[in-house]
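Structure first, commentary second.
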Amino acid sequence: MGKVVLGVAVGVAVAACTVAALVVGRRVRSRRKWKRVVGVLKEMEESCETTVGRLKQVVDAMAVEMHAGLASEGGSKLKMLLTFVDNLPSGSEKGIFYALDLGGTNFRVLRVELGGQRSDLDPDVEQQPIPEQLMTGRSEDLFDFIASSLYQFVEKNDSVQSPITKLLGFTFSFPVKQTSVSSGVLIKWTKGFAIRDMVEKEVAGALQQALTRKGLNMRVSVLVNDTVGTLALGHYHDADTVAAVIIGTGTNACYWERTDAIIKCQGLLTTSGGMVVNMEWGNFWSSHLPRTSYDIELDAESPNPNDQGFEKMISGMYLGDIVRRVILRMSEESDVFGPVSSRLYLPFTLRTPLMAAMHEDDSPELTQVERILKDVLDIPDIPLKARKLVVKICDVVTRRAARLAAAGIVGILKKIGRDGSGGITGGRSRSDIKMRRTAVAVEGSLYTQYTMFREYLHEALNEILGEDIARHVVVIVTEDGSGTGAALLAASHSSENVNKIQLI
């Protein structure tokens, strides 16, 4: 009997040891899997590191590239395009001005009434979709359609038959080589447009001809892009505004430059002494930018490899996809997210607004993260600690983007001597320079709607500039610079007394 009991006891002990061994084995394997995933995160964090020292290197590189782009055509990845806008709104403009904003599959027409003394702006706005066949047909058909819509819009508010010529600001957000403040040649179409007979043709002239055919007494007085419109609107509200940045799906910047600094166009004279320069800063590149393997893969698989490098690190078009690529790598390294979801292999499945929603999920169980992973990426039932990991990935990607955007802004300020260093060759901050108040107009959903992005950007501005200098730099949010700003520029370039640009 004793032997039987002993045998049972031994059997139970062996079974218990086996179970314990299995449990320990699972825990060890689980720790190893988790360690691999954490290793991926740590590697990514190190690659995305944006120390103040590194950001200052990016600042210097931006200022140097700006200088090179102003010195000669093709001298830099920054195109530094002349806009011929040499007169920004002062707030004293009076009258009724119109704007047309064409930058995608919809276009908008606006009417702005100005009363001087920086009067409140309450534009009348109408938006219309562009019929799909007009996006690939003849240019004459497209502009006739727009002119007809503009005619009907004017007819609702003013006398169409008035002998007084109405002035129109035209925002045309496609690649254009500007030839004057009111003319430019289309380089290529984007955003689904493919009207062949318009390429390398004068844009504002095509619209002007359509307005004449329609019998509308209206003149296209300025041709601009959305960034320049944002600067105009910012300057209208705040005379200290010297630069504008768009940070949304895409990104760009423009700023007010002294004409004598635009070396590639010697003999350029404006009585204002300056001109708005469109940087096209999305194409900025420097070895100091913290590039990861995910950025390299994204760039290689994009329709424009080795192009728009800065934009691919900071704009809303790409941030969500960088996060997707990191989650995919972790899924391939470990099963903490379960079996690898096929949706993780689809580029741009995870859009940046969804990434932002996960990043800013403050619920105890991270229910937004859980829902988005399940519904969008087909990753169900992941544990809370894995959800927290996803939030951390979003944080690393967003923080890097916002801090690099801040470095870009400071690069502009450095180039024009508004960063406290005395300009591009000034070196360290100088105590003998009296800082002027400087405003930067910012527009775009990434900045206006993504709280964490905005906070990280401001934090970096303070760190790079130092608190004493940063308190003189103000970021102002504008709304609808692409439309309202164009009308304001039509106003600021309306007077017969506005001095025209001369080449000598």
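We count residues from 1, following the sequence as given.
Listed for the Glu93 side chain is no donor-acceptor partner under 3.5 Å among the backbone atoms of Leu114. Remark: the backbone N or O of Asn87 is paired with a side-chain donor or acceptor of Ser492 at under 3.5 angstrom. In this structure a side-chain-to-backbone donor-acceptor pair under 3.5 Å is present from Asn157 to Phe153. Gln208 places no side-chain N or O within donor-acceptor distance of the main-chain N or O of Ala206, the cut-off being under 3.5 Å. Here the side chain of Ser315 pairs a donor or acceptor atom with the backbone of Thr249 at under 3.5 angstrom. Side-chain atoms of Ser173 never come within 3.5 Å of backbone atoms of Gly103 as a donor-acceptor pair (strictly under, hydrogens ignored). Glu65 places no side-chain N or O within donor-acceptor distance of the main-chain N or O of Phe284, the cut-off being under 3.5 Å.
For Ala261, the side-chain contact (heavy atoms from CB on, under 4.5 Å) partners two or more places apart in sequence, or in a different chain, are Glu257, Arg258, Lys415. Every residue meeting the side-chain contact (heavy atoms from CB on, under 4.5 Å) condition with Thr352, not counting sequence neighbours, appears here in chain and number order: Leu319, Met355, Leu446. In this structure Ala470 satisfies the side-chain contact (heavy atoms from CB on, under 4.5 Å) test together with Asn462, Leu465, sequence neighbours excluded. Residues passing the side-chain contact (heavy atoms from CB on, under 4.5 Å) test with Ser180, sequence neighbours excluded: Ser182, Ser183. Every residue two or more places apart in sequence or in another chain that forms a salt bridge (charged side-chain N to carboxylate O under 4.0 Å, His left out) with Asp124 is listed here: Arg111. Applying the side chain to side chain donor-acceptor pair (under 3.5 Å) criterion to Ser148, with sequence neighbours excluded, gives no partner residue. With sequence neighbours left out, Arg291 forms a side chain to side chain donor-acceptor pair (under 3.5 Å) with Asp299. Applying the side chain to side chain donor-acceptor pair (under 3.5 Å) test to Gln178 and every residue at least two apart in sequence or in another chain returns nothing. Under the salt bridge (charged side-chain N to carboxylate O under 4.0 Å, His left out) criterion, Lys177 pairs with no residue, sequence neighbours left out.
Note on residues 225-241: pairs passing salt bridge (Lys or Arg N to Asp or Glu O under 4.0 Å), not counting sequence neighbours, are Asp238-Arg437, Asp240-Arg437. Sorted by first and then second residue, the ring pair (Phe, Tyr, Trp, His ring centres under 6.0 Å) pairs with a member in residues 442-463 read His359-Tyr450, Tyr447-His458; sequence neighbours excluded.
Among all heavy-atom pairs drawn from Ala232 and Leu88, the shortest one is CA-CD2, 4.2 Å.
Thr438 contributes atom OG1, which lies 12.0 Å from atom CD1 of Ile412 (distance to the nearest 0.5 angstrom).
Taking the centre and axis of the six-membered ring of Tyr98, the NZ or CZ atom of Lys166 falls outside the cone set by 45° and 6.0 Å.
Under 3.5 Å, the side chains of Ser302 and Lys312 contain a donor-acceptor pair of N or O atoms. A donor and an acceptor atom, one from each side chain of Glu311 and Thr251, are nowhere located under 3.5 Å apart. With no hydrogens or angles considered, no side-chain donor-acceptor pair links Thr165 and Arg219 at under 3.5 Å. Between the side chains of Asp101 and Ser482, at least one donor N or O sits under 3.5 Å from an acceptor N or O.
Between Phe193 and Trp189, the two ring planes are parallel [angle under 30°; tilted spans 30° to 60°].
Atom NZ of Lys79 has 12 or fewer heavy atoms from other residues, nucleotides or ligands within 6.0 Å. For Glu301, the CD atom sits in a packed shell: over 12 heavy atoms of surrounding residues, nucleotides or ligands are nearer than 6.0 Å.
Between Asn252 and the choices Asn283, Thr227, Thr230, the side chain to side chain donor-acceptor pair (under 3.5 Å) rule is met once, by Thr227.
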Please list every donor-acceptor pair under 3.5 Å in which a side-chain atom of residues 48-56 meets a protein atom from a residue at least two apart or in another chain.
unit_1, atom_1, unit_2, atom_2, d
Thr50, OG1, Arg403, NE, 2.9
Thr51, OG1, Arg54, N, 3.1
Arg54, NE, His288, O, 2.9

